[in-house]
Every structure is written in C-alpha cells, then in structure tokens.
Amino acid sequence: MDMERINDYCWKIPRHGNMRVDGVIYASKRMLNDIVNDESCQQVVNVACLPGIVKASLAMPDIHWGYGFPIGGVAAFDIEEGIISPGGVGYDINCGVRLLRTDLAASDIAPKVREIVNHLFREIPTGVGSHHKNFKLGKEDLRDVLKEGACWVVRRGYGDENDLAHIEAEGCIRGADPQAVSERAKERGKDQLGTLGSGNHFVEVQVVEEIYDDAAASVMGLFLGQLTVTVHTGSRGLGHQICDDHIEIMLAASRRYKIELPDKQLCCAPVTSPEGRKYFAAMAAGANFAFANRQMITHWVREVLEKTLHMGPAELGLSPVYDVCHNIAKFEEHMVGNASRKLCVHRKGATRAYPAKHPEVPAVYRDIGQPVLIPGDMGRYSFVLVGTEKAMEETFGSTCHGAGRLMSRHQAKKICRGRNIEQELLEKGIIVRGASRETVVEEVPEAYKDVADVVDAVAGAGISKKVAKLRPLGVIKG
DNA sequence: ATGTTC
C-alpha cells in the first residue's frame, strides 16, 4: 500500500482508483508497520470509495479488520449525497465505556477487592447469552427504553439527573423509533438490560495510578490513588439483531440505489432514503438500549459497593465521570473548508473527542474538553483523555477507542495452553472472575496491543490529550 | 460483538 508521511503520527493513502477521498491513518511509525500489512488498510481504501464521503476515510492507531469497515475507523458522509451503513457502526451498536469515580482511596478498601468482585459477578449477568431471570421488560417498558435510553432507567429510580448529565448525548439519541426494531431483536433484548456480555466487555475495579493533567483530572473528580470502576459493554443481542436485520435490508437497498460497492459488507443506503432513515431510527434505539444497560449496571455497582463496604451513598461518592460510545453513527455539524456542514459521522471503534467550549460538552467540562475513556487489556491499564480543537479540525472530533487485538482468539488460546491466566494475573495483583476459562484465556493481555502505544499516538497527533492512567485491581469478564 | 452456523 502506497503511504505518504504527513507527520510523525499521521499517514496518507493518496486517492487512487475509485477512491473519492484520501485515506488517513493515525499511528506512530512503529505501529504503522503492522497496520500496512493488515487487511484493515484495504478496508480504509474501500470506505473512501463510498458516495458522499467527506474529507477522508480516517483510521485510528487501534485499527484492525472488521465487518466491511475497519474497527478504529471514522467516516463522515454528506447528509444529501452520502450514505449510512450498518457496517460503519458495527454489530455492537453503542458499545461504549463508562467511568465511575468514588471518594475512596483504593488502599483503604484493598482487602475487600475480592469480595467486591465476587458480588459484582453475582449481581451482573456475564457471558454470551447472559440474561436476568427476574428482571424482564414488558413490551411497553422496552419500547420506552428504546426511545429514552438511560433516562428511562433513572425515571425508574436507578440513578439520578447527575448521572444523565455525565453521558454522551445525556444517554438518549433523539430520533430512535422502536417500530423500526424487529420483534426478534426486542425478544432478544427484553431480559438483557443490565447485563455484561462477553469478549472484551468487563466491569473493572481500578486505582488511579498516574495523572498527566492536574487541572483536568481535578475537574473530573479524579485523584492519585483513587478507587474507580469502569463499565465496558454495549447493546447485547438486541443491537446485534438490529445490525443483522438492517444489513439484509441494506444489501437490497444498495442494489436498488445502484451504489457501487468494493465489498458487499459495505452495503448501505442514502442517508435520506427510507432504508437509511429506518436504519438510523433502529440504530438509535439500539444505542439507547446500551446507554440504559450501562446505567442499570451502574446502579448495581453502587449497591454492591455500598453493601460490601458498609457505606452510604454520601460516603462512597460514586458518580459517573463520563460515558462514551465507540460504535455509532450520528448527525453532527462540522466545518469542512470554510463552511459548516451537517454530516452523518460513523465512528466504529472510535470515540467522540470534542474540545473545550463545544456546546455538546457538559457544562462542567466546558473548560477542559470532553472526557474520552480508553479501556486497555485486563492486565495493564486504561486511560482517560480529553478531546481537542485539533480533533475537531482533523477527525470530525474523534479519537481511538482501545488497545486493539494483536492475536485472534484462536491464537490466544494456543499460546495459553498449560497456563493459568487467572493465577498469573493474581500474581500481578489483579483478581479476575470470568464466566468461563475460555473467555479469560481469549482476553489474555498479550493478545492485545499495548494501549499506551495507541494513546501516545493520538496524543502525539494532538487529537487527544492525556489526563490519567488507571490500573486494574479486580475485574469481571464475560 | 453475537442464544459465537436462525
């Protein structure tokens, strides 16, 4: 692949063949070597061929191969001439991350971590197909969750207005239509609200290990040695089914609208077409289910910590720092050249990273920029960043989303033969409870890139700024 | 990611 250097952290695949715009990849030179030899590079080129794409087909340093569009990709399309595509969002609609802060020092509760992990594991269903036996939504309630997102959960008494103020889009994407969601998707979702799922999803008890930006950390209520909890999950079977249903519809739509596709998996429809509108309405509903999911899990994290530590809410001081999506398509205003344009921004394995002063950043963060939450693997660390003006100028206000896989699940299993990963992590001071040995093995830290490399690349490029590093103490995995 | 090939 022909690659031109823009700067130390930014590389261009010049427009060629059917590409309508350039490809642009954010990575250090060292990381780029792996990326160039990966199939995901061709996916960046393929996306650049889609109608109405604006400026460039973008990729973050954690890019890897995905369904049609690369994971770690950002693609913005003109509302009038552009398309919307389920492959540009991914199967796990509104997969995302929520960081919860507390008033506690991790050292004070260290002897209790195992008990906390065990209680979390008992209260939050984990693993493929996990669901609640005694917490099922009726048809009307599920409809309201799909329309209202986290607001519905708070209305039912699980959390408060302050929680909602610290969620991207306040936990509710407007334009969601439950009627655009199939009965089958609803059937899969009705007993999965407040469940974790599998793969890289987790609830993790952490300690703030390093602070890079004192002022920003202070505004976020973060301090050195602090106990925090991170929730990483999405829209479960419901979102998966929405994606499946609409890929089917989009395959037909692509033919109907005579959209030339370099890869069938890029199937899409004009943003303004009935198929495009219906997908957006269903995707927004799936996104709202995921916001509600993380809000529901937050409630159980609160309960577990209060009970295990014998504390009231005031003493615990648990509240969300922020909650961000990294698999979503949104309608946003961006400057393109000298004009402000309304675009459909697809972020798939990419996180919104708005700068200070942006009207969509919560008032409390208006001076520091939007918090960005980057989970790493379970053995190393996670990062808190903030968005920047440069992200707004270059990447439609977007940045990376995580470590990115280095090995397939199969490869991971192979290198772990005869090893006890739980024991190895325990020796590093990390208590792990997984739904099965298999998932723990598939998520072995060596299977992932070092998230510090990913974060240093986006910080080096100037599209995010480092605020804090979090180290795991205990984790539940699907 | 996913009732991991409805």
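Since this is a predicted model, take the numbers as computed values, not measurements. In what follows, every chain begins at residue 1, and chains take the letters A, B, ... in the order their sequences are listed.
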Exercise. Closest to the A:Ser198 side chain: B:dT4, B:dC6, B:dT2?
Worked result: B:dT2

Exercise. To the nearest angstrom, how far is A:Asp92 atom CG from B:dT2 atom C1'?
Worked result: 9 Å

Exercise. Taking CD from A:Gln241 and P from B:dT5, how many angstroms apart are they, rounded to a whole number?
Worked result: 14 Å

For this session: Please report, rounded to the nearest Å, how far the P atom of B:dT2 is from the CD atom of A:Glu442.
Result: 12 Å

Exercise. Is A:Gln192 touching bases, backbone alone, or none of the nucleic acid, heavy atoms closer than 4.0 Å?
Worked result: sugar-phosphate

Seminar exercise, completed: A:Asp191 atom CG is separated from B:dT2 atom C1', nearest whole Å, by 15 Å

Exercise. Taking atom P of B:dT2 as reference, at what distance in whole Å does atom CG of A:Asn293 sit?
Worked result: 10 Å

Exercise. Would A:Asn420 and A:Glu424 count as having a side-chain donor-acceptor pair, cut-off 3.5 Å?
Worked result: no

Seminar exercise, completed: SG (A:Cys268) and NE2 (A:His246) are apart, to the nearest 0.5 Å, by 14.5 Å

Exercise. Looking at the rings of A:His326 and A:His232, which for Trp means the six-membered one, are their centres under 6.0 Å apart?
Worked result: yes

Exercise. If we ignore angles and hydrogens, is there a donor and acceptor under 3.5 Å between the side chains of A:Ser57 and A:Arg20?
Worked result: no

Exercise. Just how far is it from atom CG of A:Leu266 to atom CG of A:Leu261, taken to the nearest 0.5 Å?
Worked result: 6.0 Å

For this session: Report the distance from atom CZ of A:Arg409 to atom C1' of B:dT4, rounded to the nearest whole Å.
Result: 7 Å

Exercise. B:dT5 C1' sits how many Å from A:Tyr67 OH, rounded?
Worked result: 15 Å

Exercise. Base, sugar-phosphate, or nothing for A:Gly234, non-hydrogen atoms under 4.0 angstrom?
Worked result: nothing

Problem set entry | Rounded distance (Å) that lies between atom C1' of B:dT2 and atom NE2 of A:His201 | 10 Å

Seminar exercise, completed: Heavy-atom nearest nucleotide on DNA chain B taken for A:Arg184 and for A:Ser235; more 5' hit belongs to A:Ser235

For this session: Using a heavy-atom cut-off of under 4.0 Å over every strand shown, decide if A:Gly239 touches base, sugar-phosphate, or nothing.
Result: nothing

For this session: Please figure out whether A:Glu187 or A:Asp244 has its closest DNA chain B nucleotide nearer the 5' end.
Result: A:Glu187

